[in-house]
Amino acid sequence: MSLRTHTCGELRASHSGQTTTLCGWVEGRRDHGGVYFVDLRDRYGVTQIVFEPGSDAHKVASEFGTEFNVRVTGTVRLRPSGTVNQERATGEIEVYASSAEILNASKVPPFEITDKLDTTSELRLKYRFLDLRRRPMQRSLIARADFTRGVRNALAGRGFVEVETPMLTKATPEGARDYLVPSRVHPGQFYALPQSPQIFKQILMIAGLDKYFQVARCLRDEDLRADRQPEFTQIDIEMSYPEPQDVWAAVEASITAGYREAFGVDLNPPFPRIPYREAMARFGIDKPDLRFGMELVDLTEFSKSCGFRVFREAAEQGGIVRGINASGAGGWSRKEIDALSQFAVDHGGKGVAWLRVTDAGLDGSIAKFFDDGAKEALRNALAGRVGDLLLFGAGDETTVNNVMGPLRHHLGDKLGLRPFGTFKLAWISDFPLFEKNTKTGALEPTNHPFTAPSEMNLAKLSAALESNPLSLGGRGYDLVMNGWELGSGSIRIHRRDVQERIFEFLGLSRREYEMKFGFLLEALEYGAPPHGGFAYGVDRCVALGLGLDSLRDAIAFPKTQAASCLMTGAPSTVSDQQLSDIHVRTVL
RNA sequence: GGGCGCGUAGCUCAAUUGGUUAGAGUACCGGACUGUCGAUCCGGUGGUUGCGGGUUCGAGCCCCGUCGCGCUCGCCA
């Protein structure tokens with residue numbers, strides 16, 4: 001037996017005349033000097049309760065305060081004509097209370113439990129139990145559950161086996177810092193919390209599971225952003241004997257099912273495939289927002305013979321010059337344009353050059369450097385029409401892309417070209433196997449060191465590694481949506497000799513890689529099948545599906561930017577006894 | 001680790017740019033009102049201006065430090 005017979009969201013005109021008992025939170029009491037109207041809320045909705053003066057129920061209700069948890073018994077009846085609330089599913093009826101009971105009083109809440117909340121994230125996170133009582137947050141959690149259920153069903157239906165992998169494990173090779181857990185039994189030794197189940201899922205392929213997936217918790221000890229939490233959830237997938245298209249099909253089927261379940265949206269697979277080089281050329285970024293055009297235009301050749309020294313020198317010295325037409329932004333103020341330059345500086349550039357397209361031709365800071373013919377050429381190259389703003393970046397390729405890619409998204413935001421409700425996904429494929437760390441100059445794996453090179457012949461691979469490693473292709477791919485990276489994956493290395501060769505190239509000594517990955521290398525020697533997979537972020541999928549500004553609203557109990565949990569107070573100091581148990585001494 | 005922003009009543013904000021007793025809305029408390037649904041009307045309580053220093057006759061406002069929250073670059077797939 002439940003304390004209630006119905007929820008606060010289910011009573012309709014058809015229940016009229018029935019006796020009902022509801023439980024929920026008091027959203028407010030309207031006192032007319034006689035009759036009280038109380039809105040009673042639970043997860044399912046809000047129902048109006050009427051208390052007539054003189055009744056016992058009315059006496060109890062006079063004690064009701066905001067967010068009290070109460071139980072009310074009464075009769076469902078149609079509202080008098082003219083008092084129907086059209087905005088509420090239960091608006092045709094009300095419950096005429098015969099008895100009431102306060103299950104639990106409430107302190108005055110620090111903020112109102114309302115859909116449109118205007119308060120700091122600090123308060124919301126401290127009182128997360130109140131924040132999560134709000135409808136938008138419950139919608140978010142429910143959508144998340146719907147999403148993972150859709151994904152699970154789709155993958156299970158395709159023969160994928162859900163397997164759990166350890167949380168206490170060994171440091172994984174992704175570049176991020178590990179969260180460490182000291183071992184009590186092994187003084188001075190540590191587990192790492194998984195950055196991803198990467199190696200375990202490869203091991204599962206070697207074990208013959210053939211198709212694996214997991215709704216996997218991943219933890220990375222790096223600085224946070226609005227779109228980044230220290231612990232997050234990925235749909236982790238791995239298959240044996242796949243071509244990339246097989247992995248993509250599994251991902252497409254699962255994410256599409258998730259979006260259908262959670263948001264009623266069809267993502268229209270298959271998603272287009274854009275090679276990495278093409279993405280960089282057209283958008284300057286490997287996670288382009290494809291909801292709008294405004295593609296970058298290469299002006300390097302033009303610049304080699306142009307009158308503007310900044311462009312000419314960039315082009316002559318092996319750099320690039322790229323333009324973008326912020327169509328319709330010609331009316332932006334000098335201040336707004338200066339802000340774009342600052343944006344460029346923030347992203348490592350020196351600023352942006354700009355030209356306005358006006359009735360009288362091109363004008364702006366750099367117009368004087370171009371003769372009429374050059375102006376015409378520029379305008380044609382960028383398809384400039386009157387009222388457009390043309391922006392330019394010049395310099396080495398990396399810097400220009402680092403500015404122009406994010407700038408395109410920024411312009412899209414300002415011009416309203418990134419509306420919620422449209423979902424454009426694409427596979428970014430053919431990543432180079434390595435990329436240069438801009439700080440140290442060292443070559444690092446673009447994805448991780450297990451991504452298969454396009455060349456699996458050891459002799460040819462070695463030759464490529466020695467001659468021109470940056471030109472070496474990898475079999476990795478990303479999935480992007482609306483300018484966010486949803487996930488990445490690859491066909492893996494399934495042979496020990498190739499894997500060792502890659503480790504060596506990355507500067508790991510035999511001793512080192514044996515110590516870190518010896519178990520994987522050994523497993524590869526026991527008939528490891530060719531395999532590959534993918535992992536994509538649940539939190540991001542939910543945030544994008546709901547149009548949330550922050551990942552925090554897609555997670556029940558998120559951390560602050562400083563990785564604290566304001567509700568529990570984690571992290572915190574522990575007792576000396578706990579520290580000595582695990583053989584740890586702090587050195588603050 | 002760096003840059004920027006914010007921190008004033010439970011909450012959201014203001015305070016004529018350093019000047020008398022720090023205000024408003026809302027919430028809360030009390031009163032009035034029998035059909036409201038952001039109820040309405042009247043009255044009231046409520047402040048270590050995040051914290052610690054400094055400058056000044058005088059600091060919510062200026063300076064230094066510190067803590068918290070957010071955005072961001074680095075970092076991170």
Side-chain angles (χ1 to χ4, degrees), chain A residues 27-40 46-54 58 65-67 79-88 90-91 94 96 107-127 130 172-178 195-196 198 218-230 232 234 286-287 342-349 402-403 406 410 428 431 435 437-439 444-448 451 476-480 484-490 534-537 540 549-550 552 559-562 564 566:
Chain A
E27 200 159 82
R29 191 184 69 200
R30 295 178 290 280
D31 174 359
H32 285 263
V35 66
Y36 294 153
F37 298 99
V38 169
D39 288 333
L40 200 61
V46 178
T47 297
Q48 172 165 290
I49 317 292
V50 182
F51 295 90
E52 283 288 352
H58 186 272
T66 304
E67 296 309 314
R79 294 196 188 188
S81 64
T83 63
V84 169
N85 186 339
Q86 308 282 3
E87 277 150 40
R88 210 177 260 173
T90 61
E94 60 196 5
Y96 190 76
K107 292 168 73 174
V108 175
F111 52 80
E112 212 182 330
I113 311 305
T114 177
D115 290 8
K116 287 171 293 187
L117 184 63
D118 181 21
T119 190
T120 58
S121 67
E122 195 173 352
L123 264 185
R124 289 178 56 198
L125 292 175
K126 179 170 179 191
Y127 296 94
L130 295 178
T172 46
E174 269 95 342
R177 271 184 287 269
D178 286 311
Q195 293 182 30
S196 80
Q198 180 60 36
C218 306
L219 300 104
R220 293 175 190 164
D221 186 6
E222 293 293 343
D223 287 346
L224 309 183
R225 288 287 188 287
D227 63 350
R228 227 191 281 162
Q229 280 278 307
F232 56 99
Q234 292 196 326
D286 60 4
K287 47 178 181 180
Q342 185 56 47
F343 182 93
V345 170
D346 292 343
H347 288 261
N402 285 347
V403 171
H410 181 66
I428 310 298
F431 279 83
E435 60 190 359
N437 182 314
T438 46
K439 229 178 211 165
E444 295 170 350
T446 303
N447 185 281
H448 52 55
T451 297
Y477 33 81
D478 281 1
L479 180 63
V480 300
W484 289 37
E485 182 201 311
L486 282 187
S488 64
S490 61
F534 199 77
Y536 61 95
R540 288 185 176 183
D549 293 327
S550 170
R552 284 183 281 270
K559 304 282 192 290
T560 68
Q561 186 153 26
S564 307
L566 296 181

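Proteins come first, then strands; the chains are lettered A, B, ... in the order of their sequence lines, and each starts at number 1.
Pairing partner, B/A15: none, since no Watson-Crick or wobble contact has both distances short of 3.5 Å. With a 3.5 Å ceiling on both atom-pair distances, B/A39 lacks any Watson-Crick or G-U wobble partner. Nucleotide B/C69 is matched to B/G5 when pairs are restricted to Watson-Crick or G-U wobble geometry with both distances under 3.5 angstrom. B/G60: no Watson-Crick or G-U partner with both key distances under 3.5 Å is found in any strand. Taking a pair to require two hydrogen-bonding distances under 3.5 Å in either a Watson-Crick or a G-U wobble arrangement, B/U26 pairs with B/G10.
Comparing B/U34, B/G68, B/G1 against the side chain of A/His32 picks out B/U34 as the nearest. Distance from the side chain of A/Thr66 is smallest for B/C28 among the nucleotides B/C28, B/C75, B/A77. Comparing B/C75, B/A77, B/C37 against the side chain of A/Arg30 picks out B/C37 as the nearest. The listed nucleotides are B/C37, B/A77, B/G74; the one nearest the side chain of A/Arg88 is B/C37.
Separating the CG atom of A/Asp178 from the P atom of B/C75 is a distance of 18 Å, rounded to the nearest angstrom. Protein atom CD of A/Gln195 is 16 Å distant from nucleotide atom P of B/C75, rounded to whole Å. Atom-to-atom, CD of A/Gln561 to C1' of B/G3 comes out at 13 Å; the value is rounded to the nearest Å. One interatomic measurement links the two molecules: CG of A/Asp346 to P of B/U72, which rounds to 11 Å at whole-angstrom precision. Rounded to a whole Å, the NE2 atom of A/His410 is 12 Å from the P atom of B/C73. Separating the CD atom of A/Glu122 from the P atom of B/G50 is a distance of 13 Å, rounded to the nearest angstrom. Between the P atom of B/G74 and the CZ atom of A/Arg225 lies a distance of 7 Å, rounded to the nearest Å. When rounded to the nearest whole Å, the span between CD of A/Glu27 and P of B/U36 equals 19 Å.
One P atom belongs to B/U66, the other to B/U72, and the distance between them is 24 Å to the nearest Å. The gap from the P atom of B/C6 to that of B/G46 amounts to 31 Å, rounded to the nearest Å. Atom P of B/C63 sits at a distance of 15 Å from the matching atom of B/U55, rounded to the whole Å. Separating the C1' atom of B/U20 from that of B/C37 is a span of 46 Å, rounded to the nearest Å. Spacing between B/G10 and B/G70 at atom P, rounded to whole Å, works out to 22 Å. Spacing between B/A15 and B/A24 at atom P, rounded to whole Å, works out to 15 Å. Across B/U49 and B/A59, the matching P atoms stand 12 Å from one another, rounded to whole Å. B/A27 sits 7 Å from B/C11 when the C1' atoms are compared, rounded to a whole Å.
If you check distances only, the side chain of A/Arg228 does reach the base of B/C75 with a donor-acceptor pair under 3.5 Å. One cannot find a donor-acceptor pair under 3.5 Å joining the base of B/C37 and the side-chain atoms of A/Asp39. Taking 3.5 Å as the limit, the base of B/U36 and the side chain of A/Arg79 contain a donor-acceptor pair of atoms between them. Under 3.5 Å, the side chain of A/Glu222 and the base of B/G74 form no donor-acceptor pair of N or O atoms. A donor and an acceptor atom never sit less than 3.5 Å apart when one is taken from the side chain of A/Arg220 and the other from the base of B/C76. With hydrogens and angles ignored, no donor-acceptor pair closer than 3.5 Å exists between the side chain of A/Glu112 and the base of B/U26. For A/Asp31 against B/C33, a side-chain N or O and a base N or O form a donor-acceptor pair under 3.5 Å.
Residue A/Glu52 is classed as a base contact, given a heavy-atom separation below 4.0 Å to a base. At a threshold of 4.0 angstrom between heavy atoms, the contacts of A/Arg552 are confined to the sugar-phosphate backbone, with no base atom among them. Within 4.0 Å of A/Ala562, counting heavy atoms only, lie sugar-phosphate atoms of the nucleic acid but no base atom. Using a 4.0 Å heavy-atom distance criterion, A/Thr446 is classed as a base contact. The residue A/Gln86 sits apart from the nucleic acid: no heavy atom pair falls under 4.0 Å. Contacts of A/Glu435 with the nucleic acid, taken as non-hydrogen atoms under 4.0 Å apart, include base atoms.
Every side-chain contact (heavy atoms from CB on, under 4.5 Å) that A/Leu224 has, sequence neighbours left out, goes to A/Pro230, A/Gln561, A/Ala563. Residues that satisfy the salt bridge (Lys or Arg N to Asp or Glu O under 4.0 Å) test with A/Arg225, not counting sequence neighbours, are absent from this structure. The side-chain contact (heavy atoms from CB on, under 4.5 Å) test applied to A/Ser550 returns A/Arg552, not counting sequence neighbours. Evaluation of the salt bridge (Lys or Arg N to Asp or Glu O under 4.0 Å) rule for A/Arg79 yields no partner, not counting sequence neighbours. Taking A/Glu67 as the reference, A/Trp25, A/Arg41, A/Ser106, A/Pro109, A/Ile113, A/Arg133 meet the side-chain contact (heavy atoms from CB on, under 4.5 Å) condition, with sequence neighbours excluded.
In terms of position along RNA chain B, the nucleotide closest to A/Gly28 lies nearer the 5' end than the nucleotide closest to the other residue of the pair A/Asp549 and A/Gly28. Remark on RNA chain B: of its neighbouring residues A/Gly487 and A/Asp227, the 5'-side contact belongs to A/Asp227, judged by nearest-heavy-atom nucleotide.
B/U17 has its base syn relative to the sugar, with a glycosidic angle deviating from 0 by at most 90°.
Residue A/Thr83 places none of its side-chain N or O atoms closer than 4.0 Å to OP1 or OP2 of B/U36.
For the residue pair A/Ser490 and A/Asn447, no side-chain donor N or O sits within less than 3.5 Å of a side-chain acceptor on the partner. Side-chain contact, A/Asn85 with A/Gln48: no donor N or O sits under 3.5 Å from an acceptor N or O.
Ring orientation note: the planes of A/Tyr36 and A/His58 are close to parallel, at an angle under 30° on the 30°/60° scale. Aromatic ring orientation, A/His410 versus A/Phe343: parallel (interplanar angle below 30°, classes split at 30° and 60°).
A donor-acceptor contact shorter than 3.5 Å is absent between the side chain of A/Arg177 and the backbone of A/Arg220.
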Using a cut-off of under 3.5 Å, enumerate the N/O to N/O pairs linking the protein to nucleotides 8-14 of chain B.
residue, atom, partner, partner atom, Å
B/C11, O4', A/Pro110, O, 3.3
B/C11, O3', A/Thr119, OG1, 3.1
B/U12, OP1, A/Thr119, OG1, 3.0
B/U12, O2', A/Asp118, OD2, 3.3

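In terms of heavy atoms, A/Val403 sits closest to A/His347 at CG2-O, 3.9 Å.
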